[in-house]
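Owing to the predicted nature of the structure, the values given are computational and were not obtained by experimental measurement. Within every chain, numbering begins at 1; the chains are lettered A, B, ... in the order of the sequence lines, protein sequences first and strands thereafter.
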Protein chains: 2
Amino acid sequence: MIRTSASSADCQIDNNTSCGTCRLSGLCLPLRMHLDDIDRLDRVIQRSRPLQKNQYLYRANDPFRSIYAVRSGTVKATTLTERGQEQITGFYLPGELVGLDGIAENRYTCSVMTLETSSICEIPFARIEELSAQIPSLQRNIFQLLSREITHDQQLISLLSKSSAEQRIAAFLLSLSRRHEARHLAANAFRLPMSRTDMGNFLGLTIETVSRVLSRFHAQGIIQLDKKEVRIADFPRLQELSEANN
Amino acid sequence: MIRTSASSADCQIDNNTSCGTCRLSGLCLPLRMHLDDIDRLDRVIQRSRPLQKNQYLYRANDPFRSIYAVRSGTVKATTLTERGQEQITGFYLPGELVGLDGIAENRYTCSVMTLETSSICEIPFARIEELSAQIPSLQRNIFQLLSREITHDQQLISLLSKSSAEQRIAAFLLSLSRRHEARHLAANAFRLPMSRTDMGNFLGLTIETVSRVLSRFHAQGIIQLDKKEVRIADFPRLQELSEANN
DNA sequence: CGGGTTGTTGAGCAATATCAATCAGGGTGG
DNA sequence: CCACCCTGATTGATATTGCTCAACAACCCG
């Protein structure tokens, strides 16, 4: 198991590694903070060398020390159900934070694994607590990030509770699209970094159903699909499919 | 629409209304705080006269001002899906907090409505932010409460994604049971304050399925059921049903 | 007492899961 | 370099779960 316990030497792997220069700072923790406060935050953040595919960032029940920001790549968070099945609770793109679930019980309730080679910023939570008592905008950001995670989860609850297979997959593709857009990446063409199995697990569908629905969307000209590469050909139709059933 | 904007006069309706004397303080926001800090917290909390059944505490898109603790009664939180359907995201018992979803966007994303006559403590969030910068244990409690909401939502995601109707309802009954127990109430006999429709909505099932499964559990002697009154007759079996499928 | 709302029960159906066969791609070892 | 295997994805056939529609019962409130 590879851990992200960065020494200061590691920080020099990439010489562009500070919140001040990071293109993601408009999405991530330093959002709307003053430059000097970002600097104080920056000094407690540890940046490790990239993790390869299928590496655990941490596992459920590990003691909670840090929250983590995805700098590049994609990770998935999974919980174990009572009968030992894995349930994916989210996929996280650059600029998104994982580990927030660990705060409640001082140990993580999820495991987090990379889906591809990924760089991660580790943010020791004890430091965050100290700093956020001193920097109101940081405290506010943490509150908001936690709250945003809640509203995201509730949207997912709604999706899982009410929607058909087509709606789920349409909504999933649109969610990825929007998040790419927010990162100044193409909204209409991107790579699905997760397997069909992972998609199905996340969306509460079997792998066969995922495959069938994607094939159907492709056949209907709504998307183009080549293995993991997707191109959304008909946004309005996909939007419709994600919403309306009748 | 009734609001909980309490004047100091309102506070005197019930002369036992302070966090220091509240039986729920071991579950609620003041958890593990020093007495004098609880006192400071107490002074910003506004306690209104009880709300009657089916009153909105707040509605989605209302500007976010406060979080709310349920003091007595039960409330439900609902979001509106894209096509205008209501999705219940949670039921909240005494000692539990609602309104945390509002922090992210400075307006609520859920509506919250009482299921029965309920007393609510209103906690202005701006005050909380100030105080929690000064009282580390309070800051920590807020972080933990937010994080706990996340882990709860994720458990629900797992339930909705993976489980059969029987598993969902078994798990739901057990969840209520555990929460009653934590409040020193009977774990094996309680009242379901929500309608079958609400249960179905929350669990992603139709009202007919809810009714059938409850009837089946009753017929099998696992629960006793008289309208909204439940009595869990066979805990181990219910536990089994909530977990194992095969 | 009556009417509206909520809950229960039954019958048939539709959506998705399950089971199974096949295919494609990638890595490995001969 | 190719044959082989292994994993992941696709597609087809069938089974099953829970939804839909419908009738009816119970309760609540005036």
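Not counting sequence neighbours, the partners of B:R237 by the side chain to side chain donor-acceptor pair (under 3.5 Å) test are B:E240. Partners of A:S72 by side-chain contact (heavy atoms from CB on, under 4.5 Å), not counting sequence neighbours, listed by chain and number: A:S119. For A:S66, the side-chain contact (heavy atoms from CB on, under 4.5 Å) criterion is met by A:Y68, A:Y108, A:E122, A:P124, not counting sequence neighbours. For B:E149, the side chain to side chain donor-acceptor pair (under 3.5 Å) criterion is met by B:Y92, not counting sequence neighbours. When the side chain to side chain donor-acceptor pair (under 3.5 Å) test is applied to A:R231, no partner is found at least two apart in sequence or on another chain. For the ring pair (Phe, Tyr, Trp, His ring centres under 6.0 Å) test, residues two or more places apart in sequence or in another chain that qualify with A:H180 are A:F190. Listed by chain and number, the residues in a side chain to side chain donor-acceptor pair (under 3.5 Å) with B:D198 are B:K76 (sequence neighbours excluded).
Tested against A:V98, the residues A:I120, A:T89, A:V75, A:I67 include a single side chain to side chain contact (heavy atoms under 4.5 Å, CB included) partner, A:V75.
Contact between the side-chain N/O atoms of A:K228 and the OP1/OP2 oxygens of D:dA9 is found at a separation under 4.0 Å. Phosphate contact (OP1/OP2 of D:dA9, side-chain N/O of A:T197, threshold under 4.0 Å): present.
Summarising the geometry, the separation between CG on A:L214 and P on D:dT10 is reported as 7 Å, rounded to the nearest angstrom. Taking atom CD on B:E229 and atom C1' on C:dG7, their separation rounds to 16 Å, with Å as the unit. One can place CZ of B:R216 at 13 Å from C1' of C:dT8, the figure rounded to the nearest angstrom. The CG-C1' distance, from B:L160 to C:dT16, rounds to 16 Å in whole Å. Between A:I207 atom CD1 and D:dG8 atom P there is a gap of 8 Å when expressed in whole angstrom units.
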Side-chain donor/acceptor pairs under 3.5 Å, residues 208-225 of chain B, sequence neighbours excluded:
residue : atom : partner : partner atom : Å
B:T209  : OG1  : B:T206  : OG1          : 3.0
B:S215  : OG   : B:S211  : O            : 2.9
B:R216  : NH1  : B:E166  : OE2          : 2.5
B:H218  : ND1  : B:I223  : O            : 3.4
B:H218  : ND1  : B:L225  : N            : 3.3

Where do N or O atoms of nucleotides 27-30 of chain D meet protein N or O atoms at under 3.5 Å, pair by pair?
residue : atom : partner : partner atom : Å
D:dC28  : OP1  : B:K227  : NZ           : 3.2

Can you tabulate the close N/O pairs, meaning under 3.5 Å, that link protein atoms to atoms of nucleotides 18-21 of chain C?
residue : atom : partner : partner atom : Å
C:dT18  : O4   : A:R212  : NH2          : 3.0
C:dC19  : N4   : A:E208  : OE2          : 2.9

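Screening residues 167-194 of chain B for salt bridge (Lys or Arg N to Asp or Glu O under 4.0 Å) gives B:E96-B:R179, B:E96-B:R183, B:E116-B:R191 as the qualifying pairs, with residues at least two apart or on separate chains.
A:L205 comes within 4.0 angstrom of sugar-phosphate atoms only, judged by non-hydrogen atoms across all strands, and of no base.
Side chains of A:T117 and A:Q52: a donor-acceptor N/O pair is absent below 3.5 angstrom, by distance only.
In the helix from C:dC1-D:dG30 to C:dG30-D:dC1, the end axes, each obtained as the rotation axis mapping the C1' atoms of four pairs onto the next four within a five-pair block, lie 40° apart to the nearest 10 degrees.
Closest-nucleotide positions on DNA chain C for B:S215 and A:G204 were compared, and the one nearer the 5' end corresponds to B:S215.
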